[in-house]
Amino acid sequence: MTTEKPHISVKNLNVHIDGNHILKNISIDIPDKKVTSFIGPSGCGKTTLLKTFNRLLDRQGNVEITGQVLVDGEDLYSPDTEVTHIRKKMGLLSQRPFPLPMNIYDNVAYGARIHGQRDKKELDRIVEHYLRGVSLWDEVKDRLKDPATRLSIGQQQRLCLARGLAVEPEIILGDEPTSALDPVSTQRIEELFLELKDKYTLVLVTHILRQARRVSDYIVFIYMGEIIEFGTTEEVLLNPREKLTKDYVKGYIS
Amino acid sequence: MKRKLEEQFFKFLMILCTLSISGILLMIIWTITSKGAGSLTWDIVSKIPEGGFYIGKGGGILNAIIGSIYITIGATILGLLVSIPVVLYINVYAKKNSWLATTTRLTSDILFGIPSIVYGAFGFTIMIYFGLKTSLLAGTITVTLLVIPILVRTMDEVFRVVPEDIGNAVYSLGGTRWETAKIMIRQCVPGIITAILLSFGRAIGDAACVLFTAGYTDSIPTSLDQPTATLPLAIFFQLSSPIEEVQNRAYAAALILTIIVLIISFTAKYFSKKLSKNKI
Ligand SMILES: Nc1ncnc2c1ncn2[C@@H]1O[C@H](COP(=O)(O)OP(=O)(O)O)[C@@H](O)[C@H]1O
Ligand SMILES: [Mg+2]
């Protein structure tokens, strides 16, 4: 479908939760250093698909996963794959920001610390670098020792992004990362995504079509656990091939 | 009109019941204070019983105060050593709704409901089985059994409601389950403190557990295999005396017990408020 090099390659993925067939025969190549958005009505399986990428899904009981998810050619679900190594490659932004129960500085330094960085100077550098990266540095540089929860929700979401970037991932997964945010914070996050796609592969779940249009290069339309259509943003939003996609884009199904 | 009256009537009833809760607390405090305050002398809290103490002569109940504090602190620490791994296992390590987690929760619910006299009898049986005498050790172990389900249940309540996304955040930073567990503990500090407080209150006030296992003695224990007095039993024995002065000392002991519990309560509240403000 696309000629670009895939970063994540999903092959015949099937997911059953509690015996329900949630994802059906998913095959898709997610291109490197682009923004790919999953759209579709709520409950269609967007979050579930996203969670198969960093293997958070199999933490739940009663989940059966078959098929392959290859990241840089390495099969996530092969028995010798080391899960923590895979997860480190991917930053995650959830629907609501969840800062860790510690101060602002420690939140950003957390990843580096658990991966063995002890040097105080280096940690200072990392914290400043990534806080600048999400343009939060000027807002928080005088109160780095404050609990992260004192920040506004929008700031918290940018903090969570900085925290994720600080472990140097290659992929950023976002599950409706702006749904709890006000319009201004939403816009800042969207701008950050556009900056980040030079260096990272971004996979975004969104139910806001305008957002999908603003930020994504490719769009995947999912309906009841199946991929209905996959193409460039223009193709899917302006000239959908499938009737279901057309109906969804026009707002007939939601 | 009738509906309005009905509404008024039930509102009145509810307010009455609500007030009666505070009323009961005030009455308890009033009773033990009015009867015990007179006997709450410096001697009572600083001396062990002298000859003839139980017929109204000099001395105090320092032996029981120290004994109770030993047993309570010991049992709470031992209880935490067992219950924290349990709670971490069922909330972090086990998959959601796994067989072992479900069984553990059910078991601790059942254990929670078992009356403490049964723990006392059970403790007594193991004590005999291992050839122990009534002692600080046997009493502490029995009280530990009593507080484990309290600790597990109360901590589980708070660990369970930590949003899954906190764990997911740690995992997606490449964290291990152990790292997630540590974050969960930090997140749950106020809840853990509440659990410790509850278990402390139960442990220090329970008479049935220590009745057959800790024994009673007038001296302060200096090693784990010696018997020890406890506050609940100090109340029990003195209250059964026909001598009024001794009975009043029982109320003084009850007052001491209540004051200790209140102090623990308020410090725990204070810390958990402070911590939850700063961390979460
Ligand atoms: N833990 C779970 N247990 C049972 N069913 C689940 C679970 N997670 C998701 N599902 C089901 O999977 C389907 C897809 O859910 P989800 O991926 O969250 O949809 P979306 O993110 O597109 O709104 C839904 O029908 C939902 O009920
Ligand atoms: Mg979702």
Side-chain angles (χ1 to χ4, degrees), chain A residues 17-18 47 50-51 53-63 82-103 106-116 145-150 156 159-160 163-169 171-175, chain B residues 84 87-106 155-156 158-194 271-280:
Chain A
I17 303 178
D18 293 335
T47 300
L50 203 69
K51 278 187 175 170
F53 294 173
N54 57 2
R55 292 204 47 181
L56 283 178
L57 189 64
D58 41 328
R59 296 207 17 82
Q60 298 170 5
N62 254 325
V63 179
E82 211 207 310
V83 184
T84 47
H85 170 70
I86 288 297
R87 293 202 183 115
K88 191 168 172 274
K89 277 191 179 178
M90 307 195 203
L92 175 73
L93 269 188
S94 48
Q95 241 165 332
R96 278 166 34 80
F98 283 97
L100 301 175
M102 45 182 77
N103 65 39
D106 290 340
N107 258 276
V108 185
Y110 182 80
R113 281 199 178 120
I114 62 174
H115 295 297
K145 297 289 168 201
D146 273 11
T149 40
R150 295 241 182 102
Q156 286 183 22
L159 179 72
C160 289
R163 179 182 73 191
L165 295 177
V167 294
E168 301 176 344
I171 299 167
I172 296 163
L173 309 173
D175 188 359
Chain B
I84 286 198
V87 171
L88 288 180
Y89 182 78
I90 60 181
N91 283 289
V92 181
Y93 284 75
K95 287 194 174 179
K96 235 200 286 175
N97 304 325
S98 81
W99 172 84
L100 192 52
T102 314
T103 316
T104 309
R105 291 197 168 107
L106 182 67
M155 289 195 288
D156 187 40
V158 275
F159 274 75
R160 266 172 112 155
V161 298
V162 171
E164 214 179 309
D165 300 72
I166 293 264
N168 286 349
V170 179
Y171 290 125
S172 55
L173 295 168
T176 57
R177 288 196 276 198
W178 174 235
E179 270 135 9
T180 308
K182 285 192 284 188
I183 291 292
M184 293 276 275
I185 292 178
R186 274 175 97 143
Q187 183 82 20
C188 294
V189 164
I192 295 173
I193 292 179
T194 312
F271 276 114
S272 88
K273 223 186 201 147
K274 210 172 141 153
L275 288 169
S276 59
K277 225 184 258 156
N278 284 339
K279 300 252 157 151
I280 293 155

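When reading the values below, keep in mind they use all heavy atoms of this one structure, side chains included, and skip hydrogens, waters and symmetry mates. Below, chain A is the first sequence line, B the second, and so on; all start at residue 1.
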Minimum heavy-atom separation for A/N54 and B/S172, please, with both atom names. ND2-CB, 4.2 Å

With a 4.5 Å limit on heavy-atom distance, are the side chains of B/I183 and A/M102 in contact? yes

Decide if atom CZ of B/R105 counts as having more than 12 heavy atoms of other residues, nucleotides or ligands within a radius under 6.0 Å. yes

Quick check for you: among B/G174, B/A94, B/G175, B/S98, which has the greatest number of heavy-atom pairs under 4.5 Å with chain A? B/G174

Can you tell which part of A/L56 gets under 4.5 Å to a heavy atom of chain B, answering side chain, backbone, both or neither? side chain

What is the distance from atom OG1 of A/T84 to atom CG of B/L173, rounded to the nearest 0.5 Å? 12.0 Å

Specify the closest pair of heavy atoms between B/K95 and A/R59, including all atoms of both residues, with the distance to one decimal. CG-O, 3.6 Å

Can you tell which of A/L173, A/L92, A/N62 has the highest number of heavy-atom pairs within less than 4.5 Å of chain B? A/L92

Can you pull out the residues in residues 162-169 of chain B with any heavy atom less than 4.5 Å from chain A? B/P163, B/E164, B/D165, B/I166, B/N168, B/A169

Chain B contact via A/P169 - side chain, backbone, both or neither, heavy atoms under 4.5 Å: neither

Taking A/Q95, A/R163, A/K51 one by one, which has the highest count of heavy-atom pairs under 4.5 Å against chain B? A/R163

Heavy-atom cut-off 4.5 Å, strictly under: side chain, backbone, both or neither for A/H85 against chain B? neither

What part of A/K89 is in contact with chain B, defined as an atom under 4.5 angstrom from a non-hydrogen atom: side chain, backbone, both or neither? neither

If the condition is side-chain contact (heavy atoms from CB on, under 4.5 Å), which residues does A/R113 pass it with, not counting sequence neighbours? A/Y105, A/D106, A/A109, A/R118, A/L123

With sequence neighbours excluded, residues passing salt bridge (charged side-chain N to carboxylate O under 4.0 Å, His left out) with A/R55: A/D58

For B/T180, give me all partners under side-chain contact (heavy atoms from CB on, under 4.5 Å), at least two apart in sequence or on another chain. B/V92, B/V170, B/Y171, B/M184

For B/E179 and A/I114 the tightest heavy-atom approach is OE2-CB, 3.6 Å

